[in-house]
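Below: one structure, written as structure tokens.
Read the numbers this way: they start at 1 and go in the same order the structure lists the ligands and their atoms.
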Amino acid sequence: MSPTGTGVVHLGLGAFHRAHQAMVFDALLRRGDARWGITGVGMRQPEVVQSLRQQQHRYSVQVTNADGPQWHTVAAVQATLMASTERRLVIQAMAHPDCRWITLTVTEKAYGAELADLLLDAFAVRHTHHGLGLTVASCDNLPGNGRLLRQWCLQQARARSDALTDWVARQVRFPNSMVDRIVPQVSAEGVAQAQQALGWHDRCALVTEPFWEWVIEDDFADPHDADVLRSVGVQVVADVQVYEEAKLRMLNASHSALAAAGAVLGMATMHAVVAMPALRTWAHRMMTHDIAPHVHRADALAYRDALLTRFANPGLRHLCLQICNDSSQKIPLRWVPSVLAARQRQHRATHLAFAAAVWMRFLQGHCEQGLAYLWSDAWRERLQALAVAHGPEPQHCVNALLGITDIWGPTLATDAVWRDSVAQALARIQRQGLLPALQHQLDTTQP
Ligand code: CS2
């Protein structure tokens, strides 16, 4: 199959893309608009690309809710490539005149010169061969994701030539966007359910929730795309900042806090964690008192309630350890802005301080029953070594870990109120266990 000639090239072929944007583009293709077929590019893990190729790129998505599952077969992915071994073909696909959109879900940590260089190799071919502009939509959980990617691309372009820099600045649009849908990694259980329901062995079968949201800035190479996307439920808006801020600081922040607590308690899934009243109440109060007052989304409290209901979806089996992956990259975006906003107003942010303490306990790498767990994070070894070395001395542990300015920024390590709140919470967690420490926290804070 030709790897070129699809309207969309997507970088980062994880579960999220396949149960989110790929389904949006699938809806457009079903209406007969052939421009939205996808060449899906795996960035690192070849397994998903190999599996998709074996099943002619079709896969099923189970949308699970209280009334039982609904099954969808997605046919939008029409070709696949591996960036690590087929770079030339990836560039060819992105440079092809039929390619109108590049979408990205490459995770927070991938934003940098290497990613920009890959895009620029394709932009350079476009610039010299046909000059057709395109839309590059970053869909990663980063504030100002499109703007950030544009900055990286322009910076790398300047090192190449003024003409290319001008072309990128004029012809490539980088809308900011906020994407939301809970999509756990493929699991053996999901694959077995698909086999039972659909009668074929779909090794790429996914499970997701009914809710999905894609809010994207109205800034496209082809301005008609705004109405096309709206027609299938995408929200095209002048400014995504309010949505993206609430999503990162409420959904992702409470997700990370609950997931770390779940791991420490030896619980596997998010659904089990929010089924525990104390943990649910903690997340509720964290959002009510420490986060919502500093976000600009008008319906922040209704949003909070909807999030807790979504986390409780029993069909999702979203693993706590999956959410704990890359926490060193996530915390600066998910927790720190709320802590800073709260501290600026002399608010203690006790529930976020408790979250920071839970994360420090999480870093020790074993649950309260003594079983070791593993998670992936470029800084895991360094963080775990610090957490273990200072384990018996909570105050030292907090000083060492809060001192990492790449995570917490320059001011929090010297904020005595914040530091003491975290240290007190960590000391209590270590002395009494997480749930008794949390109960104490709930008994001594405002409902
Ligand atoms: C989660 C997100 O894994 C994580 O860190 O918080 O993937 C979350 O499920 C999505 O952002 C929901 O849209």
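By the side chain to side chain contact (heavy atoms under 4.5 Å, CB included) test, His296 is found to be paired with Val242, Glu245, residues two or more places apart in sequence or in another chain being considered.
In Arg317, the CZ atom is not crowded: 12 or fewer heavy atoms of neighbouring residues, nucleotides or ligands sit closer than 6.0 Å.
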Inventory of protein N or O atoms under 3.5 Å from ligand 1 N or O:
| unit_1 | atom_1 | unit_2 | atom_2 | d |
| --- | --- | --- | --- | --- |
| ligand 1 | 5 (O) | Lys330 | NZ | 2.8 |
| ligand 1 | 5 (O) | Arg334 | NH1 | 3.0 |
| ligand 1 | 5 (O) | Arg334 | NH2 | 2.9 |
| ligand 1 | 6 (O) | Asn252 | ND2 | 3.1 |
| ligand 1 | 6 (O) | His255 | ND1 | 2.8 |
| ligand 1 | 6 (O) | Arg334 | NH1 | 3.2 |
| ligand 1 | 11 (O) | Asn141 | ND2 | 3.1 |
| ligand 1 | 11 (O) | Lys247 | NZ | 2.6 |
| ligand 1 | 11 (O) | Asn252 | ND2 | 3.1 |
| ligand 1 | 13 (O) | Asp180 | OD1 | 2.6 |
| ligand 1 | 13 (O) | Arg181 | N | 3.0 |
| ligand 1 | 13 (O) | Arg181 | O | 3.3 |
| ligand 1 | 13 (O) | Lys247 | NZ | 3.1 |

Checking side-chain contact (heavy atoms from CB on, under 4.5 Å) for the pair Leu118/Met94: CA distance, chi angles, key distance, verdict? CA-CA 10 Å; Leu118 178 67; Met94 293 193 291; 4.0 Å; yes
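By the 6.0 Å and 45° rule, Arg100 stacks over the aromatic ring of Trp36.
The closest donor-acceptor contact from the side chain of His284 to the backbone of Met286 lies at 3.5 Å or more, if one exists at all.
The existence of a salt bridge linking Asp26 and Arg30 is confirmed by a sub-4.0 Å separation between a basic side-chain nitrogen and an acidic carboxylate oxygen.
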